[in-house]
**Student:** 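Below are the structure tokens for one structure; questions will follow.
Please read these numbers as outputs of a predicted model, since none were measured by experiment.
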Amino acid sequence: MLENLVEATGLVKHFPISAGVFLRRQTGAIRAVDGVDLNIRRGETLGLVGESGCGKSTIGRLLLRLLRPSAGSIRIGGQDIALLEGAALRAVRSRAQMIFQDPYGSLNPRMRVAELVAEPLRIARRPPAEGYRQRAVALLQSVGLDEHHADRYAHEFSGGQRQRIGIARALALEPDLIVADEPVSALDVSIQAQVINLMQDLQARFGLTYLFISHDLGVVHHLADRVAVMYLGRIVEIAPKRTLYAAPRHPYTQALLAAIPAASPVLRGRRTILGGDLPSPSNPPSGCRFHTRCPFAIERCRNEDPALLPVGEEHAVACLRVDEIRTTTTPMESHA
């Protein structure tokens, strides 16, 4: 068993809702992350999936301390970073970096590529022995770009090339953890495969640990070792990839996997169909948060909030009826 690089316990992030023009008063809160326990093992890729608005990106930003948690602890390499500020926080951030979703908006258009890639080294005041430019060139070469790219501007590159530049920048400080927030969703499908393969190669080469955030279950299936499924601020299921794709136990996970296109009429007929819209995170349902959309909900689900409990080896589910619900066949079962 690998050691945990990241351990989040009781993680909460609420964004206040205010009213009034001059005397602003808080009238509620967006409960983006609402009591999450999560660990990421050193050297693994943990996929984090769920619908838009469920809190995935907020968790990524909390782990990097781009956001301060409302409650809970975040430990990276055994150090609690939840309340760190100033120089202590900057020191920790060199160990954890981010690859952003938008390769067009995440690069400064006024800076040359060599400056973009070397910028983290300058901010951290860690001048490389070979000089900033040569270090930037080496990083660009590690992601499949050449030295002549170093003096160009971001707008001169394709989306896939820009994301490679973003990856090179994330590697500059030799981090242990990289949070990849939808890093391929803005790219063409053919380019997505190239970037995913590059990330796998870099992980093997540098011993990286990834939190890979995505709504695309096909991409997560290719890249992740374990998968955590998130719904309305909570983790509802977490399991090794093979287990989760072959035998999902939570109705929400079953519905997500059923949404993957299936050629077989047999698989289409056995799908769990998800109805309704995602409830507001400012006013989540009582009891199980999924009961308003769950085809298996009973009265107990409306009143009791299920805990995330083990149901098998490395497999945990937050569902009161987990032992009664039949596992559905998923379109990707044969590949799991």
Side-chain angles (χ1 to χ4, degrees), residues 8-13 31-40 46-56 58-59 72 213-215 217 220-221 224-260 262 267 269-281 283-333 336:
T9 305
L11 197 57
V12 174
K13 181 59 182 179
R31 301 167 72 170
V33 177
D34 207 19
V36 166
D37 295 338
L38 192 68
N39 67 78
I40 308 175
L46 177 68
L48 184 60
V49 303
E51 293 172 277
S52 297
C54 70
K56 306 186 301 296
T58 302
I59 283 186
I213 300 169
S214 181
H215 65 274
L217 288 157
V220 170
H221 178 269
D225 299 301
R226 290 189 301 143
V227 181
V229 181
M230 194 167 183
Y231 183 81
L232 209 62
R234 300 272 182 88
I235 301 294
V236 297
E237 185 164 8
I238 185 167
K241 173 182 65 178
R242 288 180 175 272
T243 302
L244 187 117
Y245 279 82
R249 300 290 297 276
H250 196 283
Y252 179 61
T253 309
Q254 294 175 358
L256 287 180
L257 290 169
I260 300 172
L267 294 180
R270 296 174 63 181
R271 289 181 170 185
T272 299
I273 304 301
L274 188 61
D277 296 322
L278 188 71
S280 171
N283 185 28
S286 60
C288 174
R289 298 188 173 194
F290 186 59
H291 83 259
T292 58
R293 306 171 73 188
C294 180
F296 306 104
I298 57 176
E299 185 62 31
R300 183 185 173 201
C301 301
R302 295 174 174 83
N303 301 311
E304 295 185 35
D305 189 3
L308 187 67
L309 298 175
V311 295
E313 186 177 358
E314 299 187 68
H315 192 175
V317 179
C319 178
L320 298 172
R321 302 193 64 197
V322 64
D323 293 327
E324 307 168 49
I325 298 171
R326 176 178 60 84
T327 298
T328 59
T329 304
T330 71
M332 301 192 74
E333 182 177 11

**Student:** Aromatic contact between Tyr231 and His250, with the criterion being ring centroids under 6.0 Å apart: yes or no?
**Tutor:** no
**Student:** Going through the distances and angles, do Leu38 and Ile59 end up as a side chain to side chain contact (heavy atoms under 4.5 Å, CB included)?
**Tutor:** CA-CA 10 Å; Leu38 192 68; Ile59 283 186; 4.3 Å; yes
**Student:** Decide yes or no on side chain to side chain contact (heavy atoms under 4.5 Å, CB included) for Ile298 and Arg321, but give the supporting numbers first.
**Tutor:** CA-CA 9 Å; Ile298 57 176; Arg321 302 193 64 197; 3.6 Å; yes
**Student:** Less than 4.5 Å apart, any side-chain heavy atom of Cys301 and any of Cys294?
**Tutor:** no
**Student:** Could you check whether any side-chain N or O of Tyr252 sits under 3.5 Å from a backbone N or O of Val236, counting only pairs where one atom can act as donor and the other as acceptor?
**Tutor:** no
**Student:** Asp34: what forms a salt bridge (Lys or Arg N to Asp or Glu O under 4.0 Å) with it, not counting sequence neighbours?
**Tutor:** Arg31, Arg289
**Student:** Can you name the closest pair of heavy atoms from Pro248 and Thr253 and give their distance?
**Tutor:** CB-CG2, 3.7 Å
**Student:** Can Val227 and Leu46 be said to form a side chain to side chain contact (heavy atoms under 4.5 Å, CB included), step by step?
**Tutor:** CA-CA 6 Å; Val227 181; Leu46 177 68; 5.9 Å; no
**Student:** What do the steps show when you test Cys54 against Leu232 for side chain to side chain contact (heavy atoms under 4.5 Å, CB included), and what is the final call?
**Tutor:** CA-CA 4 Å; Cys54 70; Leu232 209 62; 5.8 Å; no
**Student:** List the residues meeting salt bridge (Lys or Arg N to Asp or Glu O under 4.0 Å) with Asp37, not counting sequence neighbours, and say none if there are none.
**Tutor:** none
**Student:** When rounded to the nearest 0.5 angstrom, what distance separates CG in Asp225 from CZ in Arg242?
**Tutor:** 11.0 Å
**Student:** What closest approach, in Å, do Gly50 and Leu256 show between heavy atoms, and which atom pair accounts for it?
**Tutor:** CA-CD1, 4.4 Å
**Student:** Is it the case that the side chain of Lys241 and the backbone of His221 share a donor-acceptor pair, with hydrogens and angles ignored and the cut-off at 3.5 Å?
**Tutor:** yes
**Student:** Please examine the side chains of Phe296 and Gln254, heavy atoms only from C-beta on, and report whether any two atoms are closer than 4.5 Å.
**Tutor:** yes
**Student:** To check you understand the geometry: which heavy-atom pair defines the closest contact between Val36 and Gly233, and what is its length?
**Tutor:** CG2-O, 3.4 Å
**Student:** Using side chain to side chain donor-acceptor pair (under 3.5 Å) as the criterion, list what pairs up with Arg300, not counting sequence neighbours.
**Tutor:** Glu304
**Student:** Would you call Arg234 and Asp305 a salt bridge, taking side-chain N to carboxylate O under 4.0 Å as the test?
**Tutor:** yes
**Student:** What distance do Ser52 atom OG and Leu278 atom CG have between them, rounded to the nearest 0.5 Å?
**Tutor:** 9.0 Å
**Student:** Would you check if Pro285 and Pro279 make a side-chain contact, meaning some heavy-atom pair closer than 4.5 Å?
**Tutor:** yes
**Student:** For the backbone of Arg249 and the side chain of Glu237, can you confirm whether one donor and one acceptor N or O come within less than 3.5 Å of each other?
**Tutor:** yes
**Student:** Which heavy-atom pair separates Ile235 from Leu308 by the least distance, and what is that distance?
**Tutor:** O-CD1, 3.8 Å
**Student:** Looking at every heavy atom in both Ser286 and Arg302, which two are closest together, and how far apart are they?
**Tutor:** OG-O, 3.1 Å
**Student:** Indicate yes or no: at least one non-hydrogen side-chain atom of Val229 is less than 4.5 angstrom from one of Ile238.
**Tutor:** no
**Student:** So how far is it from Arg226 CZ to Ile40 CD1, rounded to the nearest 0.5 Å?
**Tutor:** 8.0 Å
**Student:** How far apart are the closest heavy atoms of Ala224 and Gly47, and which atoms are they?
**Tutor:** CB-N, 3.8 Å
